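For clarity, every value in this text was computed on a predicted model and none was experimentally measured. Proteins come first, then strands; the chains are lettered A, B, ... in the order of their sequence lines, and each starts at number 1.
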Number of protein chains: 2
Amino acid sequence: MTETAVGSTAVENAAAQSKSQQAYAAVKARIVEGAYTPGYRLVLAKIAEDLGFSVVPVREAIRRLEAEGLVKFERNVGATVSGIDPTEYLYTMQTLSIVEGAATALSAPLIDSVSIARARAVNEEMRECLEHFDPVRFTALNQDFHSVLFEHCPNPHILDLVHRGWNRLASIRSSTFRFVPGRAQESVREHEALLQLIESGADADTIEKAARQHRASTLDAYLAQAKQ
Amino acid sequence: MTETAVGSTAVENAAAQSKSQQAYAAVKARIVEGAYTPGYRLVLAKIAEDLGFSVVPVREAIRRLEAEGLVKFERNVGATVSGIDPTEYLYTMQTLSIVEGAATALSAPLIDSVSIARARAVNEEMRECLEHFDPVRFTALNQDFHSVLFEHCPNPHILDLVHRGWNRLASIRSSTFRFVPGRAQESVREHEALLQLIESGADADTIEKAARQHRASTLDAYLAQAKQ
DNA sequence: GTCATAGTTATCGTATACGATTTCGTACTT
DNA sequence: AAGTACGAAATCGTATACGATAACTATGAC
């Protein structure tokens, strides 16, 4: 756990990968880790040289990242790590609130008490992170928390959408969007409340609303701050 | 309206497109129109020859289609139009019900009476299609109906997810999944009910549930039939 | 007759090469 | 001094080429 890049295709374990896949994983990792920040110019020839192979597989990798929204690829101009745009952030968060809400509701009936306990442990760690002020770890743990809940999610498509959203948010990590004061504490509290709802066997609709609101609240906190 | 391939990037108007984009549009169109049916083997060299250019842009196009789920691309084996799998159908429909539900709820407050009237007209055409038994046109009109409702959707990301779902369904059009007896009539009725909800200014949650159920019912009808 | 194995063919994956386009810098004009 | 026009450098887009891999076919053994 606590990996950086999220998604089924992120790191296929073997060495028997195509260079195209390797390039995809490498560039994606750099974006998600923050080595390539938004606006960063992705020069194909340079990346190819860095990785030690030609531009063709790199192009394919970039195209794939483009399809996932992590990269903007403009004809005859080049590729850049995509956007800080507040509007884009709003879109992403709103979409995430919907797909996370659905994923949580669909997963809830399938979560056993062991998973609940693990999720609770992760949430405790998050609480500790707050004291030591470790936002990077906090974010990673936050993904872990929800990943535990989604472990038995019956719909991989929805899970994939969640992961895409997370990666997209990760790509803009160091920007102004994250970490509204006080929001993190609230987030930990909401996690606990969500766990109790799941434990109590609350109906799907209630759980979905709670999970959705959990994400939406972070967005609201940002919007409220941005307004000032 | 009543286009075949749906999505923002489907048909960039000019001739000044990259061959990669042309290839993408061409192959996508063939899939969505049903010329390439599921399982169809996409031989890169052959497609390249058909279109009159080399394999490199075709590969990029295929990669993009892969990212959208329309194509399965296996290393050293090749690309095929992706799947009829009932499970896949279930995933897609379930995901669609969620994103369409959200898109409808988000759009509802922004829909004016003119759009409502247009949607209603489309729905009337659908009713007529039922009498002449024109399922292809019915499906196209169905997309038109919802497209009218989504015209002012404030979140393009969600709209994009809707379009991807539609394209995915279109790619399996001629299979056993569509057109459960009686479902089409019900669908037309549900459209009218949905319009009345929107007109009456019902709250977001009610509209979302109705829109979600509209898609879910089609899935349920299929599942019930498949069980027999 | 069926299975295993070797050889052939088809197709993929990637490198290299080069024309096309954009961008940047410099010199020239007003 | 500011703006424009030209030229050079950087970078992209695509074609071609070829080694690598998998699928297919045919031949032989049991």
Side-chain angles (χ1 to χ4, degrees), chain A residues 9-28 30-31 36-68 70-83, chain B residues 9-28 30-31 35-83:
Chain A
T9 39
V11 180
E12 241 88 297
N13 48 352
Q17 285 186 118
S18 74
K19 300 201 175 183
S20 167
Q21 285 172 295
Q22 285 177 256
Y24 168 77
V27 176
K28 182 175 180 177
R30 278 169 181 65
I31 293 174
Y36 296 163
T37 51
Y40 183 92
R41 180 78 186 282
L42 297 165
V43 178
L44 299 181
K46 198 161 166 303
I47 294 173
E49 202 190 342
D50 284 359
L51 297 173
F53 30 77
S54 85
V55 292
V56 178
V58 175
R59 284 184 64 89
E60 286 183 25
I62 298 289
R63 273 271 134 78
R64 195 162 152 198
L65 290 166
E66 185 193 20
E68 291 178 13
L70 258 56
V71 163
K72 195 157 160 279
F73 199 176
E74 210 174 342
R75 157 118 152 134
N76 279 328
V77 175
T80 52
V81 176
S82 61
Chain B
T9 38
V11 181
E12 240 90 297
N13 49 351
Q17 286 187 116
S18 73
K19 301 201 174 182
S20 167
Q21 285 173 295
Q22 286 177 255
Y24 168 78
V27 176
K28 183 175 179 177
R30 279 169 180 65
I31 293 174
Y36 295 162
T37 51
Y40 184 93
R41 179 76 187 283
L42 297 164
V43 178
L44 299 180
K46 199 163 167 304
I47 295 172
E49 202 190 343
D50 284 358
L51 297 173
F53 31 77
S54 87
V55 292
V56 179
V58 175
R59 284 184 64 89
E60 286 183 25
I62 298 289
R63 273 272 134 78
R64 195 163 153 198
L65 291 165
E66 186 193 18
E68 292 178 12
L70 258 55
V71 163
K72 195 158 160 277
F73 199 177
E74 210 174 341
R75 155 116 152 135
N76 280 327
V77 176
T80 51
V81 176
S82 61

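Spacing between atom CZ of B/Arg63 and atom C1' of C/dC12 amounts to 11 Å, rounded to whole angstrom units. A straight line from CZ of A/Arg59 to C1' of C/dT16 spans 15 Å, rounded to a whole angstrom. Atom CD of B/Gln17 is separated from atom P of C/dT21 by 15 Å (rounded to the nearest Å). Distance B/Leu44 CG to D/dA15 C1': 15 Å, rounded to the nearest Å. Summarising the geometry, the separation between CD1 on B/Ile62 and C1' on C/dC12 is reported as 13 Å, rounded to the nearest angstrom. Atom CD in B/Glu74 sits roughly 16 Å away from atom P in D/dT21 (whole-Å rounding). Look at CZ on A/Arg75: it is 13 Å from P on C/dA20, rounded to the nearest Å. In this structure, the CZ atom of A/Phe73 is 9 Å from the C1' atom of D/dG13, given to the nearest Å.
B/Leu44 is listed as a side-chain neighbour of B/Phe73, based on a closest heavy-atom distance under 4.5 Å. Residues A/Leu42 and A/Val81 meet the side-chain proximity criterion, which asks for heavy atoms closer than 4.5 Å.
When each of A/Val77 and A/Val55 is assigned the nucleotide of DNA chain C with its nearest heavy atom, A/Val55 is the one assigned upstream, toward the 5' end. Mapping B/Arg41 and B/Gly52 onto DNA chain D via the closest heavy atom, the residue that lands nearer the 5' end is B/Gly52.
The phosphate of D/dA10 has neither OP1 nor OP2 within less than 4.0 Å of any side-chain N or O from A/Lys46.
Residue B/Val43 is in sugar-phosphate contact alone, with no base atom involved, counting any heavy-atom pair closer than 4.0 Å across all strands shown.
Comparing atom distances between the B/Asn76 side chain and each of D/dA22, C/dT14, D/dT16 picks out D/dA22 as nearest.
For the pair B/Arg63 and B/Glu60, the salt-bridge criterion is not met [side-chain N within less than 4.0 Å of a carboxylate O].
Contact record, A/Val58 with A/Ala23: CA-CB, 4.2 Å, taken as the closest heavy-atom pair.
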